[in-house]
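This report concerns only the one structure given below.
Throughout, numbering of the chain's residues begins at 1 and tracks the sequence.
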Amino acid sequence: MSEEFEGPYAIPRLMKVKRDALGQTHAARAENGVQPPHLIPGNPRPEVLFNAAPRGVNFVDFVLLQYEQAKAQGRVYRPRKDQVLAFEGLLTASPEFFRPKAPNVAGQYEIEKVHQLRERAVPFLKKRFGENLIRIELQLDEVTPHFQFAVLPFDAKGRWSAKNCMSKSALRNLWDGWYLATEDLGLKRGNPEMIGDHIPVREFYFAAGQFKKFKNDAEKKIRLPHYEIDVPSRASLLNPPKLAGDINARLATWLDEQSSVLRNRLAPLLAAVAEQKIKNRRASQYRASALKHEKQNRALEERLKELTTKLQRHEPVSLVDVAKKLGWTTIPKALQSEDAVRFLIVSKNVSENEAFGWILSEFGENRAAATAAALERSRFIARASRLPKLSGRDFGKIRSEIEEQLSALDADYFQIRYQRHADETAQLLLKTKLKGKSTDWTLEDVLTYLPAIKKLSDNHEIQVLPFSSKYNYLLVAGARSERMFSDFRYDPCVILRLGLKKFEAVLRCPTVIVKAKTEVGIDEYAASLKLAAYSVDRGAAIPLAGSRTVDNDKKGNIAGRVELVSAVDVDAFPTPGTTNRPKYES
């Protein structure tokens, strides 16, 4: 049982061409007269619709000339020996579009359909790639008509960078654009979530050659010898009926023998064909089953998303809500950090099931479900991110890292805030055992009460907010390695590792320089940086070295503790009165 065909589809393709493969492109082979083995005899030769190369200059020389000119102008981003010199692609449609009555007959097409696609392909390529487009060629001499094209890898900033031109979003936009350009012809967009399994050109040509060799060998094996009749004797010619009977008998015997030989020779070939048919049928069934399960999974995901969205509309029951229902005007200090369920268990001396029954009766089914979901989420994160106990040596290392981190920030004082993973808001940590209940911490205060902070970090994320009369601070995020900060010419005073390929840095910006540099403030300056940058305040705080963190990747990997990569006493700007220019570009 195979899935019903839903096409025809609009099909684009784009691939990188490096220096060593430049001579193997379709354009280079066509100019050199090299013909692929799968050409259709009698079909028209390829037609060049657009060529940016001057007359007399071949494709390879033109591409190399453009690259050398860009390199001399300093427009090549990170030159190297295996540089990508061009992109080669094609635009086409499913065979069902060109030959709806006989889609499996190679080389056939309706010329009207080719003209319709041509009217859309050429303007689409010129509009999409602009001056980067160097060649368009219509090929009708292969299995299915298609438009072969080549472009230079200049990005939006005019740099020779294949990485910026061939990102996932760029390829997705190419698919979407070609689909929109041909939508009026009845062509459809393929499923963007499915991963295509394309056969490289070299492997295709090798397979075609192997099939041709196998076909010739099979023809040689099954070819039968000619039967030669002996010259009849004079006596036999005097009795024609007997002569004819003898010849027929010998022919029948010879035919039986050769038929047996032929059957023996054809048996393995027929068995191989039957086995391949079974494999193809099973593969078709597997594909149909995979598509069916994929649709079911998408439906389940949509249903889960719908239920999750519906559940998120209802807020979980809070500690204050329960206290009000119970008539409590004040909450004991010992219970202020508990959730609503735990508060009920302690205050009413009930089990967890009884606590949820009470919440269900008092606040309704929706809020009870939201409370249960929030509680389970917090428990899951707590179980997943539970860290092993620190040894004395590890604790000493974390103490040293925190001292280096806070010293490099050079702030007048700090505020420390803590937050559970399941909570949406953070709370400031009070110095209850020092003079008064203050939220301002010095470096000595943090080191003195580090064991208490460490114990709090087992169930909370710990972040620090520096306050200084001399500096403003920027938190730079989104780096996949610590080298990216030097590549973008930043001067961080602190670099932290938060997880797998996840780094953040802090820029220490002197207040005088920020105000004197331009008329804009620190927020506008942050928006001009190449990585995501946020002004450090109550909305964006700095993770404390050694505290617990969860890496927010798609797999939910647990990163462990925040690691200090480096801490340097350095400003992000030059000091006042110097002629030193910043190491970065604003």
Are the side chain of S407 and the backbone of E404 linked by a donor-acceptor contact shorter than 3.5 Å?
no
Run the side-chain contact (heavy atoms from CB on, under 4.5 Å) test on R159 and V76 for me, step by step, so that the C-alpha distance in whole Å, both residues' side-chain angles and the decisive distance to 0.1 Å come before the verdict.
CA-CA 6 Å; R159 299 183 304 179; V76 178; over 6 Å; no
What distance separates K168 NZ from N173 CG, expressed to the nearest 0.5 Å?
14.0 Å
For residues F485 and I495, determine if any side-chain heavy atom of one lies less than 4.5 Å from a side-chain heavy atom of the other.
yes
Does any part of the side chain of L91, heavy atoms only, come nearer than 4.5 Å to the side chain of I11, both counted from C-beta?
no
Candidate pair E403 and L447, rule side-chain contact (heavy atoms from CB on, under 4.5 Å), full reasoning
CA-CA 7 Å; E403 186 174 4; L447 297 178; 4.0 Å; yes
Dump the intermediate steps for side-chain contact (heavy atoms from CB on, under 4.5 Å) on V568 and V494, then the final yes or no.
CA-CA 6 Å; V568 186; V494 174; over 6 Å; no
Are V322 and W328 side-chain neighbours, meaning at least one heavy-atom pair lies under 4.5 Å?
no
How long is the span from the OH atom in Y413 to the OG1 atom in T439, to the nearest 0.5 Å?
7.5 Å
Find the distance between CZ (F503) and CZ (R497) and round it off to the nearest 0.5 Å.
5.5 Å
From CA spacing to verdict: side-chain hydrogen bond (donor to acceptor under 3.5 Å, both in side chains), D445, T448
CA-CA 5 Å; D445 295 337; T448 301; 5.4 Å; no
Once you round to the nearest 0.5 Å, how far does OG1 of T329 lie from NZ of K324?
12.0 Å
How about L496 and V565: do any of their side-chain heavy atoms sit closer than 4.5 Å?
no
Can you list the steps and then say if L474 with V506 is a side-chain contact (heavy atoms from CB on, under 4.5 Å)?
CA-CA 6 Å; L474 285 177; V506 182; over 6 Å; no
Hey, does the side chain of E354 reach the backbone of S351 with a donor-acceptor pair shorter than 3.5 angstrom?
yes
Do P543 and V562 have side chains that approach each other closer than 4.5 Å (heavy atoms only, starting at C-beta)?
yes
Nearest atoms (heavy-atom pairs only) where R189 meets Y179:
N-CD1, 3.4 Å
Look up atom CD in Q463 and atom CD1 in I542, then write down how far apart they are to the nearest 0.5 Å.
9.5 Å
So that I know where these two stand, are W160 and F154 an aromatic pair - ring centroids less than 6.0 Å apart?
yes
D155 and K157 ion-paired at < 4.0 Å:
no
Evaluate the side-chain proximity of V446 to I416: yes if any heavy-atom separation is below 4.5 Å, no if none is.
yes
Nearest heavy-atom neighbours spanning F356 and A368
CE2-O, 4.3 Å
Taking atom CD of Q405 and atom SG of C493, what is their separation to the nearest 0.5 Å?
9.0 Å
In short, L319 meets A340 closest at the heavy-atom pair N-CB, 4.2 Å
Please confirm whether W441 and F467 have ring centers closer than 6.0 angstrom.
no
Identify the heavy atoms of P153 and F87 that sit nearest to each other, and give their distance.
CB-CE1, 3.6 Å
For A170 and R128, work out which heavy atoms get closest and say how close.
O-NH2, 3.4 Å
Test: K348 cationic atom under 6.0 Å from F343 six-membered ring centre, within 45° of axis:
no
Lys/Arg N to Asp/Glu carboxylate O, D410 vs K470, below 4.0 Å
yes
Tell me whether the count of non-hydrogen atoms from other residues, nucleotides or ligands lying under 6.0 Å of CD in E183 goes above 12.
yes
Keeping T182 on the side-chain end and W178 on the backbone end, is there a donor-acceptor pair under 3.5 Å?
yes
Atom CG of residue position N349 - does it have more than 12 heavy atoms of other residues, nucleotides or ligands inside 6.0 Å?
no
Main-chain N/O of A408 paired to R508 side chain as donor or acceptor, under 3.5 Å
yes
Closest approach of D571 and Y471, non-hydrogen atoms and distance?
OD1-CE2, 3.4 Å
Is it true that R367 and D321 make a salt bridge, defined as a side-chain N closer than 4.0 Å to a carboxylate O?
yes
Under a 4.0 Å threshold between the charged nitrogen and the carboxylate oxygen, would E302 count as salt-bridged to R298?
no
Within-4.5 Å side-chain heavy-atom neighbours: L507 and Y473
no
Side chains of D412 and S469, heavy atoms from C-beta outward: is any pair under 4.5 Å?
yes
